Amino acid sequence: MDNLPRLIFYASGVFIVSAAFTLFSSEFLKKVSDPTFVGTLFLLGFGLVYLNITFVTGRRFMRRLQGANPVPYIFALLVAIPPLVWVELYDAGLGDFKLTFMFTVILACGLGGLLGHRAGLKAQIKFRKNLQDFLNQDKD
């Protein structure tokens, strides 16, 4: 695979970003167990952050590949591991909402991988068109 160093760089980066966000936002995990509207907003916020991390890295990595590739789903797995392990090891104060948080993270990462894959395929087409235009411009 020609993109192996690039894959390792992206995979380590996405894992570190996910772990850093999990670590720095761990104090807000107890807000998820709030039964009011605030708890729902915090749960939605966590889901959107993990979805966005997966989506952006998957789309960006796939832009320079050729054809479909399962890399965004690998990124989704790497993004989901730190919060799931953190919630299991650390008593975050989630109580009964632990499974709800875990389901939200898994769903958000899976959806981010799916949407990142689709957006990456579209970005490949645009990247090739721009590259072809650039190469034709040099010939003129």
Side-chain angles (χ1 to χ4, degrees):
M1 171 186 241
D2 294 337
N3 291 309
L4 186 61
R6 194 166 158 251
L7 174 66
I8 292 170
F9 175 77
Y10 271 79
S12 63
V14 78
F15 185 79
I16 289 171
V17 167
S18 176
F21 177 74
T22 302
L23 182 64
F24 291 130
S25 65
S26 65
E27 292 300 317
F28 297 111
L29 285 176
K30 60 184 106 176
K31 294 281 189 181
V32 171
S33 63
D34 190 2
T36 63
F37 187 64
V38 174
T40 306
L41 284 178
F42 270 91
L43 186 64
L44 181 64
F46 276 109
L48 288 175
V49 168
Y50 291 119
L51 182 139
N52 193 33
I53 292 170
T54 307
F55 171 77
V56 169
T57 54
R59 180 191 65 197
R60 186 169 171 87
F61 185 83
M62 281 199 54
R63 180 176 52 188
R64 295 193 181 181
L65 297 178
Q66 294 180 359
N69 201 312
V71 171
Y73 302 112
I74 295 170
F75 291 160
L77 180 66
L78 291 174
V79 169
I81 288 172
L84 297 178
V85 169
W86 183 262
V87 168
E88 278 297 316
L89 296 180
Y90 176 71
D91 182 24
L94 289 173
D96 295 337
F97 290 94
K98 185 176 177 180
L99 288 176
T100 305
F101 178 77
M102 294 172 91
F103 176 75
T104 302
V105 169
I106 292 169
L107 181 68
C109 290
L111 188 60
L114 177 68
L115 296 176
H117 186 265
R118 289 182 180 176
L121 291 174
K122 290 177 184 175
Q124 284 177 5
I125 295 168
K126 186 176 180 184
F127 179 75
R128 288 191 192 157
K129 182 185 175 298
N130 290 342
L131 182 62
Q132 190 65 33
D133 291 345
F134 178 74
L135 294 175
N136 289 338
Q137 180 184 10
D138 270 354
K139 289 180 183 178
D140 294 338

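Since this is a predicted model, take the numbers as computed values, not measurements. These numbers come from the heavy atoms of this one structure, side chains and all, not from hydrogens, waters or symmetry mates.
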With a 4.5 Å cut-off on side-chain heavy atoms, are [Y] and [X] touching?
X	Y	value
K122	R59	no
L41	F37	yes
L29	F42	no
L84	I106	yes
R6	L65	yes
I125	K129	no

Are [X] and [Y] connected in the hydrophobic side-chain network, where two residues link if heavy atoms are under 4.5 Å apart?
X	Y	result
I81	L99	yes
L114	V71	no
F101	V38	yes
L77	Y73	no
L23	V105	yes

[X] (side chain) donor-acceptor with [Y] (main chain) under 3.5 angstrom:
X	Y	result
S18	V14	no
N52	L48	no
H117	P70	no

Can you give me the closest heavy-atom contact between [X] and [Y], atom names plus distance?
X	Y	value
T57	T54	OG1-O, 3.3 Å
P82	A19	CB-CA, 3.8 Å
L78	A11	CD1-CB, 3.5 Å
E27	K30	O-CE, 3.4 Å
M62	G120	CB-CA, 3.8 Å
P72	G113	CB-O, 3.5 Å

Count the heavy atoms of every other residue, nucleotide or ligand shown that sit under 6.0 Å from CG of N130, and state whether that count exceeds 12.
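Atom CG in N130 is crowded, with more than 12 foreign heavy atoms closer than 6.0 Å.
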
Neighbour count above 12 (heavy atom, 6.0 Å) for R63 CZ:
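Counting other residues, nucleotides and ligands, CZ of R63 exceeds 12 neighbours.
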
Is the centre of the F28 ring less than 6.0 Å from the centre of the F46 ring?
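Not under 6.0 Å, so no.
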
Which one of F15, Y50, W86 satisfies the ring pair (Phe, Tyr, Trp, His ring centres under 6.0 Å) criterion with F21?
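Only one option passes, and that is Y50.
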
Parallel, tilted or perpendicular: which fits the ring planes of F75 and Y10, with parallel below 30° and perpendicular above 60°?
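Rings of F75 and Y10: parallel, under 30°.
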
